[in-house]
Amino acid sequence: FDAMCTQEHSVRANRIQEARIHFKNGFRIDLSNLDQEKDCDAAGTGIVSRGKKAIVIPKAKSARLKDIIGKGRVSIYAVEVAEDIFITIYNVYCWTGAASVSMAAATTDNMLEIILEDFALQETWPKLIVGDLNGNLVNFQAIADMLNNHMLMDVGAIASSKWKRQSQQT
């Protein structure tokens, strides 16, 4: 499948259509609005795909996720990786300094809890959380608990045996 998630885009809402024009010749793009709490235009999520398949944007099923989706910190996509085989992707841009700033870590952890709540309500397809956590997994109790209980897998930490690069930041 040919798709790339992006975090920290800086395209204002009134320029998203203009950005789509630059991605032509078989490319599709979806960009969230920018986070209004950020003091600069660099807090948005999105996806760029290539090929004939459309970008599928599932509806958030968690009421709490509905309140925050598409506002710069989290977007949700369903990507068809093979015929009739989909993966749900939660694309996140978390708060800067979550590795050392407790408020940023708590805010990020809360958003991850909301995403995990939505996990349980979505289709039974495989799911990924991708993006910029701005911290280490130990800072996020919601994810750490699920990893420790083998309910989630840290794909970045496993890495590919082809490249032998373990414990890559995700």
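Note that these values count all heavy atoms, side chains included, but never hydrogens, waters or copies made by symmetry.
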Taking ring pair (Phe, Tyr, Trp, His ring centres under 6.0 Å) as the test, write out the residues that go with Tyr77, two or more places apart. none
Using the test side-chain contact (heavy atoms from CB on, under 4.5 Å), find all partners of Met146 that sit at least two apart in sequence or belong to another chain. Leu116, Met151, Leu152
Determine yes or no for a side-chain-to-main-chain donor-acceptor pair under 3.5 angstrom, with His9 supplying the side chain and Ser32 the backbone. yes
Contacts of Ser75 meeting side-chain hydrogen bond (donor to acceptor under 3.5 Å, both in side chains) (sequence neighbours excluded), chain-then-number -> Thr45
Heavy-atom side-chain proximity of Leu65 to Val74 below 4.5 angstrom: yes
Using the test side-chain contact (heavy atoms from CB on, under 4.5 Å), find all partners of Ala99 that sit at least two apart in sequence or belong to another chain. Asn136, Asn139
For residues 104-143, the ring pair (Phe, Tyr, Trp, His ring centres under 6.0 Å) pairs (sequence neighbours left out) are Phe86-Trp125, Tyr90-Phe119
Ring pair (Phe, Tyr, Trp, His ring centres under 6.0 Å): pairs with one or both residues in residues 44-74, sequence neighbours excluded: none
To the nearest 0.5 Å, what is the distance between CG on Asn91 and CD on Gln7? 4.5 Å
Counting C-beta onward and ignoring hydrogens, is there a side-chain heavy-atom pair between Ile47 and Val79 closer than 4.5 Å? yes
So do the side chains of Leu137 and Asp154 get within less than 4.5 Å of each other, counting heavy atoms only? yes
Please tabulate, for the side chains in residues 104-115, all donor-acceptor contacts under 3.5 angstrom to protein atoms that are two or more places apart in sequence or on a different chain.
residue, atom, partner, partner atom, Å
Thr107, OG1, Met103, O, 2.8
Thr108, OG1, Trp95, N, 3.3
Thr108, OG1, Ala104, O, 3.1
Asp109, OD1, Gln141, N, 3.0
Asp109, OD1, Ala142, N, 3.0

Is Ile68 close to Arg73 at the side-chain level, that is, under 4.5 Å between some pair of heavy atoms? no
I'd like to know if the side chain of Asn134 reaches the main chain of Cys94, judged simply by a donor and an acceptor atom lying under 3.5 Å from each other, with no hydrogens or angles considered. yes
Partners of Lys61 by side-chain contact (heavy atoms from CB on, under 4.5 Å), sequence neighbours excluded? Asp118, Leu121, Gln122, Glu123
Who passes side-chain hydrogen bond (donor to acceptor under 3.5 Å, both in side chains) against Ser62, sequence neighbours left out? Glu117
Name all residues meeting the side-chain contact (heavy atoms from CB on, under 4.5 Å) criterion together with Thr6; count only those two or more places apart in sequence or in a different chain, and write none if there are none. Leu31
